[in-house]
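Beneath this line is the structure, given in structure tokens, with notes to follow.
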Protein chains: 2
Amino acid sequence: MAKQTIPKAAALRLSLYLREVESLLEAGQTKVSSGQLAESLGLTAAQVRKDLARFGPLGRAGIGYLCPALAEQFRRILGTDQLRPVALVGAGNLGRALATYPGFERRGFKITALLDNDLRKVGRQYGGLIVQDIAKLHFVCQRDRIRLAILAVPGSAAQDVADLLVRAGIQGLLNFSPVRLDVPAAVVVSTVALSLELEQLGLAVRLRNK
Amino acid sequence: MAKQTIPKAAALRLSLYLREVESLLEAGQTKVSSGQLAESLGLTAAQVRKDLARFGPLGRAGIGYLCPALAEQFRRILGTDQLRPVALVGAGNLGRALATYPGFERRGFKITALLDNDLRKVGRQYGGLIVQDIAKLHFVCQRDRIRLAILAVPGSAAQDVADLLVRAGIQGLLNFSPVRLDVPAAVVVSTVALSLELEQLGLAVRLRNK
DNA sequence: AAGTGTGAATCGCTTCACAGCG
DNA sequence: CGCTGTGAAGCGATTCACACTT
């Protein structure tokens, strides 16, 4: 494997590279230069080369990079070279939207369980998934060896559900509730704060017009 | 007004500061020190002071910061001291979830229009909003002076809708489609790529276990 | 000739350390 | 004495420039 340490900023770009290379492959292009990737992604050619060199000696001087090799290596590093199961907690509006979101599976993630604590929702079906009682969380996570979970519950319930997920052995938590979650250091939490995104967008617009 | 230039990283923290201060105010706390804010948000005290000093001379030496003054200033900088109208395009699963998301209004944003190009959806009501024909986009945006829009349509339609939004005078675009949008430089685009978030989470978990 | 890989220079942000105020 | 505000130092990431490979 390449380097053990990946700068946070470079890790973020890794996903972008993979997306771009996949799109090139779909368009039938089998090789690409650092300059072309930089142009498409709004980066500099030097930065692209630095990143790609870090992920392994992937390029050929004078030629460029071979797209299939890039895609394969990117997926290997990201761990999405095989489908990974994900638990989704919360079958409200947002949970249902995420349950039916087609993008996850295309990117190597499969939501294999949809759970809620509202017994009126249990048994209903969304996006091919039957809502299960959250009491089954631990059992399901263990049985299917689920390491990642998405949290789409109201803020008031988020910490309680997070505790359940931690006890069920979850290692990574994608949190859509606008609260900071208190979890053991061994568990990774990533919060998507929707209103924060809007705030930042509004601020960027404000500053641009000055 | 404070400084005209806000580092990208500091701007991001601005939203976090506001959230924390609001939560302190709700708990009845009227003053706070840089150390306490740092502790709550996982930053260093020095960084908090640097940030807050940038946003204006807000603190009192030996005392700390007054929460109401902080909240007021933060909101003023973010432009959320008054409710800002937002257009939401796409009444699919994700669009409906966003239309009914209560967090936006609490943070100074009000979705005032929900639009879709699917005439079967036009006229339906979600979260108090009636779905309108996207043909009315330009009219609605002009009438209500809407500057910000949320794009929750399939990737295949995203660029077309983005073009419409730009022509309607939108200045900021929160994009939930997994595609890069081509817009004039004067328009700010922020993309929330859901599967990218999962990828990064998975990678963080992977790297942690090494 | 085209394009990668990489040391060196540079840039921007974070942390440190402390002067100064209440 | 507690705590802010800030120059200075430190650090990580980006950019530059170019030797080197095909």
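In what follows, chains are A, B, ... by sequence order, proteins preceding strands, each numbered from 1.
The distance from atom CZ of B:Phe55 to atom C1' of D:dT4 is 16 Å, rounded to the nearest whole Å. Rounded to a whole Å, the CZ atom of B:Arg49 is 14 Å from the P atom of C:dA19. Per the geometry, CG belonging to B:Leu66 stands 13 Å off C1' belonging to D:dC3, to the nearest Å. As rounded to whole Å, 15 Å separates atom P of C:dG3 from atom CG of A:Leu52. Atom NZ in B:Lys31 sits about 12 Å away from atom C1' in C:dG22, given to the nearest Å. Rounded to an integer number of Å, the gap from B:Asp51 CG to C:dT15 P is 10 Å. B:Arg60 has its CZ atom 13 Å from the P atom of D:dT4, to the nearest Å. Regarding A:Gln47, its CD atom lies at a distance of 11 Å from the P atom of D:dA13, rounded to whole Å.
Annotation: of the two residues near DNA chain C, A:Ala61 and A:Ala46, the 5′-most nearest-nucleotide partner is A:Ala61. Take the nearest nucleotide of DNA chain D for B:Leu58 and for A:Ala10: the residue whose nucleotide is more 5' is B:Leu58. Mapping B:Gly59 and A:Arg13 onto DNA chain D by nearest heavy atom places B:Gly59 at the nucleotide closer to the 5' end.
Using a 3.5 Å distance cut-off with no hydrogens or angles, the side chains of B:Thr80 and A:Glu199 do not pair a donor with an acceptor.
Annotation for A:Ala97 and B:Ala97: closest pair CB-CB, 4.2 Å, computed over non-hydrogen atoms.
We find the CD-CG distance between B:Gln200 and B:Leu207 to be 9.5 Å, quoted to the nearest 0.5 Å. For the atom pair CZ of B:Phe55 and CZ of B:Arg76, the computed distance is 13.0 Å after rounding to the nearest 0.5 Å.
Looking at heavy atoms from C-beta onward, B:Ile150 lies in side-chain contact with A:Leu198 at the 4.5 angstrom threshold.
The shortest distance between the side-chain N/O atoms of A:Tyr65 and the OP1/OP2 oxygens of C:dA2 is not below 4.0 Å.
Side-chain atoms of A:Lys50 and base atoms of D:dT15 include a donor and an acceptor less than 3.5 Å apart.
Listed nucleotides C:dT14, D:dT15, D:dT14 differ in distance to A:Thr44; the shortest reach to its side chain belongs to D:dT15. Comparing D:dT6, C:dC13, D:dT4 against the side chain of B:Ser33 picks out D:dT4 as the nearest.
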